[in-house]
Structure formats: C-alpha cells, structure tokens
Chemist: 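What follows is a structure written as structure tokens; I'll ask about it next.
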Amino acid sequence: MASGERTAFENPVVEWIDSRLPIFTMMQKEYGVFPTPKNFNYFWNFGAIAMVMLMIMLVTGIFLAMHYTAHTSMAFDSVERIMRDVNSGWLIRYIHMNGASFFFIAVYIHMFRGMYYGSFKKPRELLWILGVLIFVLMMATAFMGYVLPWGQMSYWGATVITNLFSAIPFVGDSIVTLLWGGFSVDNPTLNRFFALHYLMPFVIFAVVFLHVWALHVTGSNNPLGIEPKGKQDTLPFHPYYTMKDTFGTIVFLFIYAFFVFYAPDYMGHPDNYIPADPLVTPAFIVPEWYFLPFYAMLRSITFGVNIYIGAGAVLAVLAMIPVYSKKTNKELNIGAMVGMFAVAGALFMLGYFAQLKNGAGEIMLNLPLADFFFVSAKLGGVAVMFGSLLLVALMPWLDTHGIRSARFRPLYKTALLVFVALTFVLGIAGGKPAEGLWVYIGQLATLYYLAFFLVILPLLSRFEKGRDLPPSIHEAVLQGAK
Amino acid sequence: MTTIKIKVLAVFVSLVMSFSFGFSPAYAAGGGVKAPAQQWHFDGMTGQFDLAAMQRGLKVYREVCAACHGLKRVRYGNLEALGYSEAQIKNIAVDYTVTDGPNDEGEMFDRPARPSDSFVSPYPNDKAAKAVNDGALPTDLSLIIKARAYGPDYLYALLMGYEEGGHGHDVPEGKHWNKYFPGYVISMAPPLSDGIVGYEDGSPETAEQYAHDVVNFLTWAADPYLEERKRMGIAVLIFLAAFAAVMYGVKKRIWADVH
Ligand code: HEM
C-alpha cells in the first residue's frame with residue numbers, strides 16, 4: 001500500500017524495517033496524521049469499540065478452545081470444568097459469553113450511527129455493504145458459539161434455526177442435512193459448528209480489514225454529513241481521536257465489566273445450564289437477545305402468499321415503480337399511487353383474513369382459491385428474515401436523498417427513529433410466546449420494517465425537501481453546532 | 001459534549017434494559033407463580049457467602065436431598081470453601097463409597113471416597129432414578145440455582161410452596177401441588193418439615209431455616225467463584241473508572257485548542 005514516498009525515521013531499527021516494509025509509514029499515514037473531520041460526536045467511538053470487542057472475543061475464545069471438548073457427551077461437562085477447575089476459567093468464559101452480547105450492542109449502535117448520519121451513501125456504499133457482511137458473519141458465529149456449551153437452549157435453538165433452511169425450495173433439505181452432518185442435530189453438527197466457530201472470527205477479521213481499508217479511501221463521514229473541504233475542517237487522527245476513542249472505549253468496557261462481574265448470566269437463558277436432552281423440549285425456545293427482532297419477523301409471517309396477497313404485492317410494486325425508477329422526471333401521479341396502494345392493502349387484508357382462524361378454529365373469511373399458496377408461510381418467514389438483512393445492505397440504493405445527515409432531514413429522522421423504536425418492539429415480541437396480541441404487534445412492526453426500506457425511504461428521497469446545509473464543517477463548529 | 005455523552009449512555013442502558021424487561025417474564029412461561037424476592041447474604045456488589053448457613057445447608061443436603069438428588073459437579077475437597085479442615089473433609093468423604101479400578105488383577109473394587117472424588121450420586125444413572133421416583137427425574141442439583149430464573153428465590157419458594165388439596169384440581173396419586181412449580185403438579189414429596197435435621201449451632205430447626213440454608217449451600221455449589229468474582233469486580237470497576245477519568249482529562253486537554 002504505502003510504497004510511495006517515505007520520510008526516514010530517526011530510530012535506526014524502525015528505519016531499517018520501514019525501508020524494507022513500510023509498515024510504520026503506513027500506520028503513520030492511516031492512524032497518525034490521517035485527516036479526520038473534527039466534529040465527530042461519541043457515536044463515532046463504536047467502530048473502535050467493536051474492534052476492541054473482536055480482539056477480546058478472539059483472545060478469550062482461543063483460551064476457551066484449549067479446554068473445550070466438542071463432543072455431545074462431554075461438551076457441557078467441559079464448559080463446567082472451565083467454570084470450576086481451569087484457573088480463571090470462569091472469568092474467561094464470562095468475558096466471552098457477555099462479550100458476544102456487548103459486541104452486538106456496539107455493532108448495533110455503530111449501524112444506527114451509519115443510518116442516522118447517512119454514512120452509507122455515496123461514496124461509502126461498499127464500506128456499508130462490507131459492514132452488513134460483518135454483521136451477518138457475526139450472527140452466524142454467535143449462533144454457532146451458542147451451540148457449543150450444549151445446553152438445552154443450545155440444542156433446541158440449533159434445531160429450530162437449522163430447520164428453517166428446509167423451507168428453501170428444492171435444495172432446502174439437502175442444506176439442512178449438510179448443516180447437521182446427519183439426520184438431526186447431533187455430534188457431527190457440534191463438531192462442524194466448533195470448527196466453523198473457530199474459523200469465522202478470522203474471516204470477520206479479514207472483512208474488518210477490508211472495511212477499514214475502504215473507510216480510509218473515502219474518509220469518515222461526520223454528524224453534518226458534508227465532506228470536509230480543507231485542513232480547517234479536519235484534525236489528525238492522532239492524538240485527537242486516539243485519545244477520544246480510548247476514553248469512549250473505557251466507558252464502554254466499564255459497563256461491560258459490570259455485567260461480567262455482577263450479572264454474568266443476565267443476558268443468557270437459564271435453560272442453557274441444563275445439559276442438552278433431545279427427548280425434553282423446553283417450554284419455550286428463544287434465541288439470544290440480539291437475534292430477537294429477526295426471530296420476531298420470522299414468526300410474524302403466519303400466512304402464506306395466496307392469490308390475493310400475491311396480487312396485492314404485485315400492485316404495490318407497480319405503484320412504486322415510478323418512484324424507484326430514476327428516469328421518471330415528470331411529476332408522479334400521487335392520486336393513482338394512493339389508489340393502487342389502497343387496493344393493494346385491501347387485497348392483502350382479504351388474503352390475510354382468508355387464512356386467519358377465529359377462536360373456534362374456523363377460517364374467518366371464506367374466499368375461493370385462498371388456500372392455494374405460491375409461497376408457504378414458512379418460506380415467507382425465512383424470506384422476510386433474510387430479506388430484512390438484505391434490505392439493510394441495499395440502503396444506499398433505497399435512500400438516494402442528496403442530504404446525508406438526519407439532522408437536516410426531519411422527516412427521515414422521524415421515520416428512522418420510529419424504525420428503531422419498532423425494532424425494539426420486535427425484539428420484545430420475539431421474546432414472547434407466539435400467541436395473542438404479540439403476534440399482531442409483531443406483524444405490524446414487521447410491516448413497518450419492510451415499508452421503511454421499500455416505500456418510505458424511496459418516497460422521502462424524492463419528496464423530502466430537507467434543511468439548508470451549513471457551508472462547511474469549520475463554520476458550523478464555530479457557530480456552536482457540532 | 002457532556003450532554004451527548006450522557007445521551008449515549010442513556011441510549012445504551014435503555015437498550016439493554018428494554019430487551020431484558022422484554023424477555024424476562026417469558027422464562028416464567030408454563031404456569032407457576034413468580035417466586036417472591038428474598039434477601040440473600042450473597043446478593044449485591046459486596047455479597048459474600050454465609051459460611052455457617054452453607055455448613056447447615058450441606059447437612060440438609062446430605063441428610064435429606066441426597067437421598068434422591070446428586071451433586072456430581074462438586075468434589076468433597078471443594079468443601080474447604082465452607083471452612084472445613086482437611087481432616088473434616090476426609091471424614092465426610094469416607095461416608096460414601098465409590099467404585100474404582102480396574103486394579104492390577106483387572107477387577108473393579110469399592111473403596112471409601114476421597115476428597116478428590118465428586119459427590120456420589122444416589123442412583124447409578126437417570127433411568128434408575130426415574131424408576132424409583134414414579135417416572136420423574138430428581139435432577140442433579142449442582143447447577144440448579146443457575147438453571148432456573150431467579151434461582152435462589154425460586155428454590156426457596158419451591159421448597160416452601162407446597163399446598164394441601166391442590167385448589168380443587170385433581171392431583172394424581174403420588175404427586176403434589178406446588179404453586180411455584182411450572183405446571184403446579186410436582187413429583188417430589190415435600191422434602192422439608194420442622195425438626196427433621198438436627199443443628200448443632202442453635203439455629204432454629206424449622207423448614208424455613210432448612211430451605212434458607214440449603215439455598216445458600218446450593219448457590220455456592222452452582223457458582224463457587226461468586227465471592228471472588230464480586231471482589232475482583234470492584235477492583236476492575238475502580239480501575240476502569242479511574243482510567244476513564246484520566247483519559248477524559250487527557251482528551252479534554254488535547255481538544256482544548258480545537259474550534
Ligand atoms: C466474532 C467473535 C465471536 C463471537 C461473536 C462468539 C460468540 C460465542 C458465543 C455466543 C458463545 C456461547 C457462550 C456460552 O453460552 O457459553 C461462544 C462460545 C465459545 N466460543 Fe466464541 N465467539 C467469537 C469468537 C471466538 C473465537 C475466536 C474462538 C476460538 C478460537 C471462540 C471459541 C469459543 C468456544 C470454545 C466456546 C464454547 C465455550 C463456552 O460456551 O463458553 N469464540 N462464542
């Protein structure tokens with residue numbers, strides 16, 4: 001990378017190395033003098049924090065792996081041995097266990113930052129996509145890690161989640177067999193999950209490297225969402241942001257340490273202290289908290305796509321085409337759009353109620369052809385769950401508004417904060433048994449989640465006027481806005 | 001700046017809290033009243049084990065629960081943490097018999113347990129345990145406190161939660177009504193009643209006291225490093241707080257001249 005011009009270092013050892021492999025020059029350029037907008041707020045700490053969490057996970061994980069046994073008859077006992085007999089084993093395990101949760105907390109805040117300040121927009125689209133990829137890899141890693149202690153939730157969580165893949169047409173069953181290494185979650189499953197759980201963090205590490213590389217090509221976004229125009233808008237990364245990041249990281253670690261030492265099992269499920277038993281199904285199977293919003297969306301699709309819902313969806317897409325399409329410069333026909341959405345909504349409701357059962361178990365609305373499904377409820381749920389991640393990756397093309405920061409887009413800001421609030425609601429719904437009111441709450445929140453990306457963002461991109469942007473970072477900071 | 005920091009913290013804390021409030025009641029799913037919260041000596045940031053209660057709890061475990069429940073993740077030698085001497089521990093261990101071997105003749109043989117042995121379970125395997133207990137499995141108690149939501153409160157409530165009659169429900173022969181047990185109908189007969197275990201330290205020989213003591217003992221069994229963890233936690237938090245304060249000062253000075 002940094003093979004161009006080089007200034008000599010005074011220290012002869014450093015200079016000897018640097019003249020052969022200019023790693024010090026690179027660090028100096030990328031982390032020393034790297035020009036960084038001077039108006040960051042504390043949301044910009046979470047990238048560094050996530051990096052620290054990844055390191056903590058790697059180190060504690062490697063120590064755990066030295067004592068862990070990946071066999072169904074010994075895994076649980078080996079983890080208990082770590083807790084009781086290995087020197088400081090309890091500490092290492094609690095750091096790793098809670099580290100997964102805090103890693104996700106850091107990354108969720110980091111992602112929210114990107115959405116709020118429009119960091120995903122041009123020219124940072126690839127940076128954003130790499131971030132979503134890291135997130136997906138983290139989810140896979142954490143899911144497989146949670147299986148390793150081979151408790152009741154490990155086993156049954158693995159069974160429920162791997163079973164989802166069977167919904168995929170044609171290849172689903174083969175994928176499930178491949179994941180299991182047999183015909184149920186069993187020893188081969190545990191073995192391959194351990195191998196992959198050890199491998200994936202290193203893959204994450206590599207993608208993080210690309211992520212940071214891409215960042216250093218475009219430079220950072222900032223709370224105003226306007227590009228730095230010159231030296232007066234930036235500061236060298238060191239010491240300004242190295243020190244600020246260190247401070248923020250320590251505060252984060254303080255909260256993390258509080259959980260490790262005073263509530264180490266708070267974020268886990270008590271059932272995972274019961275050894276896995278394929279013959280005893282837990283009363284209620286829940287994934288780890290960081291999966292709950294996605295789990296809720298999965299379970300919200302209690303209905304298949306029949307001809308009514310299918311027609312409604314096609315109509316909604318038709319209504320949105322002029323909005324998606326870049327070429328339509330002429331005024332949109334709002335009346336026609338609203339009308340099409342109304343009809344689409346009505347069709348959807350018909351198709352939905354034609355599948356809904358009342359208290360006595362009878363279909364609420366009898367319609368012809370309503371029980372012929374193009375897409376089953378199970379596949380629909382899986383598609384929505386994975387699709388919800390894909391939509392995040394596609395954000396740069398769904399939100400094409402010229403203004404980045406939500407500070408200058410009151411409508412976007414409101415829509416986004418509602419989105420965040422409803423993601424919390426989804427998280428709560430995902431932790432409840434799928435019955436009664438929570439099903440409907442989950443369905444409405446899922447509807448908003450999808451509409452936020454597919455309808456609200458494209459519409460706002462077109463219609464939101466936004467506020468005037470400040471002329472430069474420097475001037476805005478001088479006026480007291482940061 | 002400070003307000004932003006507080007805002008970030010608030011967002012953070014509410015994030016964690018709202019999720020946990022969101023899903024904690026789910027753990028109680030399946031019926032059974034939520035156990036009332038009790039005060040425990042080991043609670044809180046400076047919580048410590050109550051050695052006297054644990055010693056009495058060990059006695060309750062050995063004289064009552066051990067008839068049906070194992071404690072296989074604890075070794076006799078671990079009892080040192082309860083304040084016993086090596087000789088006392090050896091004395092406890094010899095009461096139990098373990099099968100060892102094979103010896104030089106290739107035979108398995110029985111010998112008295114040693115401090116390095118794990119607590120001997122009452123049944124050779126789960127099937128045997130079920131056969132004797134009407135098809136219900138008396139679980140190993142090593143981890144019971146961690147394996148139930150609000151473990152100490154739950155266990156105390158469970159032991160004291162038996163009710164005669166079953167509120168007009170049909171309780172099958174040999175089963176019992178317990179309002180804290182998920183599903184209410186439990187196969188364990190009320191294990192505790194006043195006076196069944198003799199105490200040498202003058203503590204009241206009541207069912208409540210037995211339940212309290214056995215919870216203390218089993219909390220240690222499930223989480224033997226609780227005290228060490230809490231002690232270390234204070235030191236770590238003080239260190240991080242001081243480090244954060246220093247870094248805040250450093251950061252403020254460095255940023256002082258930035259406009
Ligand atoms: C991206 C980083 C990582 C994440 C998100 C992650 C997540 C997890 C989770 C959620 C668990 C279950 C914790 C429990 O309930 O006990 C776990 C366990 C485990 N992890 Fe990781 N992990 C990561 C990195 C690593 C690495 C790098 C290694 C080793 C090279 C590792 C080795 C282990 C082992 C051996 C266990 C089982 C022991 C236990 O359950 O405590 N992990 N991991």
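Order of the sequence lines fixes the chain letters, A, B, ..., with proteins taken first and strands second; residue numbering starts at 1 for each chain. As a basis for the values below, the full set of heavy atoms in this structure was taken, side chains included, without hydrogen atoms, waters or symmetry mates.
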Chemist: Using a 3.5 Å distance criterion without hydrogens, assess whether the side chain of B:Tyr225 forms a donor-acceptor pair with backbone atoms of A:Arg84.
Modeler: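 At least one qualifying donor-acceptor pair exists.
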Chemist: What's the shortest heavy-atom distance between B:Ala244 and A:Val251, and which atoms?
Modeler: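 Minimum heavy-atom contact is CB-CG2, 4.4 Å.
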Chemist: To the nearest 0.5 Å, tell me how far B:Ile254 CD1 sits from A:Thr242 OG1.
Modeler: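 Taking CD1 in B:Ile254 and OG1 in A:Thr242, the distance rounds to 6.5 Å.
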Chemist: Measure A:Val260 against the heavy atoms of chain B and call it side chain, backbone, both or neither at under 4.5 Å.
Modeler: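 When you check distances to chain B, only backbone atoms of A:Val260 fall under 4.5 Å.
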Chemist: Please report the interatomic distance NZ(B:Lys251) to NZ(A:Lys244), rounded to the nearest 0.5 Å.
Modeler: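 So the NZ of B:Lys251 and the NZ of A:Lys244 are separated by 5.0 Å.
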Chemist: Provide the closest heavy-atom pair for A:Ala257 versus B:Leu240 in the form atom of the first, atom of the second, distance.
Modeler: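 Minimum heavy-atom separation between A:Ala257 and B:Leu240: CB-CD1, 3.8 Å.
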Chemist: For atom CD of B:Gln38, decide whether the heavy atoms of other residues, nucleotides or ligands shown that lie under 6.0 angstrom number more than 12.
Modeler: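 For B:Gln38, atom CD is crowded (more than 12 foreign heavy atoms under 6.0 Å).
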Chemist: With heavy-atom distances below 4.5 Å as the criterion, would you say the side chains of A:Asp85 and B:Arg75 are in contact?
Modeler: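 In contact.
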Chemist: Counting neighbours of NZ on B:Lys130 that are heavy atoms of other residues, nucleotides or ligands and sit closer than 6.0 Å, is the number greater than 12?
Modeler: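 Incorrect, the count does not exceed 12.
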Chemist: Could you state the interatomic distance from OG1 (B:Thr139) to CD1 (A:Ile274), rounded to the nearest 0.5 Å?
Modeler: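 Those atoms lie 8.0 Å apart.
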Chemist: Quick one: what part of B:Ile144 sits under 4.5 Å from any heavy atom of chain A, side chain, backbone, both or neither?
Modeler: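 Neither part; nothing is under 4.5 Å.
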Chemist: Kindly give the heavy-atom pair with the smallest separation between B:Trp255 and A:Lys38, and that separation in Å.
Modeler: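 In this case the closest contact between B:Trp255 and A:Lys38 is CZ3-O, 3.6 Å.
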Chemist: With a 4.5 angstrom heavy-atom cut-off, could you sort out which part of A:Phe258 is near chain B: side chain, backbone, both or neither?
Modeler: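 For A:Phe258, backbone and side chain are both near chain B.
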Chemist: Mind checking the CZ-NZ spacing from A:Phe247 to B:Lys252? Nearest 0.5 Å is all I need.
Modeler: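 NZ of B:Lys252 is found 9.5 Å from CZ of A:Phe247.
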Chemist: Measure distances from B:Ala241 to the heavy atoms of chain A and classify the residue's part below 4.5 Å as side chain, backbone, both or neither.
Modeler: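 Both parts, backbone and side chain.
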Chemist: Determine the option with the most heavy-atom pairs under 4.5 angstrom with chain B, choosing from A:Asp271, A:Leu235, A:Leu91.
Modeler: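 Maximum pair count with chain B is reached by A:Leu235.
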Chemist: To the nearest 0.5 Å, tell me how far A:Ile250 CD1 sits from B:Met247 CE.
Modeler: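 It comes to 7.5 Å.
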Chemist: A:Tyr262 side chain to B:Lys230 main-chain N or O, any donor-acceptor pair under 3.5 Å?
Modeler: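 At least one qualifying donor-acceptor pair exists.
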Chemist: Side-chain contact test, heavy atoms from C-beta onward, threshold under 4.5 Å: evaluate it for A:Phe261 versus B:Leu237 and give yes or no.
Modeler: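 The answer is no; the side chains never approach within 4.5 Å.
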Chemist: Within this structure, what is the NZ-CD distance for the pair B:Lys72 and A:Glu80, rounded to the nearest 0.5 Å?
Modeler: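 B:Lys72 atom NZ to A:Glu80 atom CD measures 10.5 Å (nearest 0.5 Å).
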Chemist: Counting neighbours of CG on B:Asn125 that are heavy atoms of other residues, nucleotides or ligands and sit closer than 6.0 Å, is the number greater than 12?
Modeler: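 Counting neighbours around CG of B:Asn125, more than 12 heavy atoms of other residues, nucleotides or ligands fall under 6.0 Å, so yes.
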Chemist: Does any heavy atom of chain B fall under 4.5 Å from the side chain of A:Asn45, the backbone, both, or neither of them?
Modeler: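 Neither part; nothing is under 4.5 Å.
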Chemist: Given that the side chain runs from C-beta out, which part of B:Ala221 has a heavy atom under 4.5 Å from chain A: side chain, backbone, both or neither?
Modeler: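 Just the backbone, heavy atoms under 4.5 Å.
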Chemist: Based on non-hydrogen pairs under 4.5 Å, which of B:Arg148, B:Lys146, B:Met232, B:Met45 is most in contact with chain A?
Modeler: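 The option with the most such pairs is B:Lys146.
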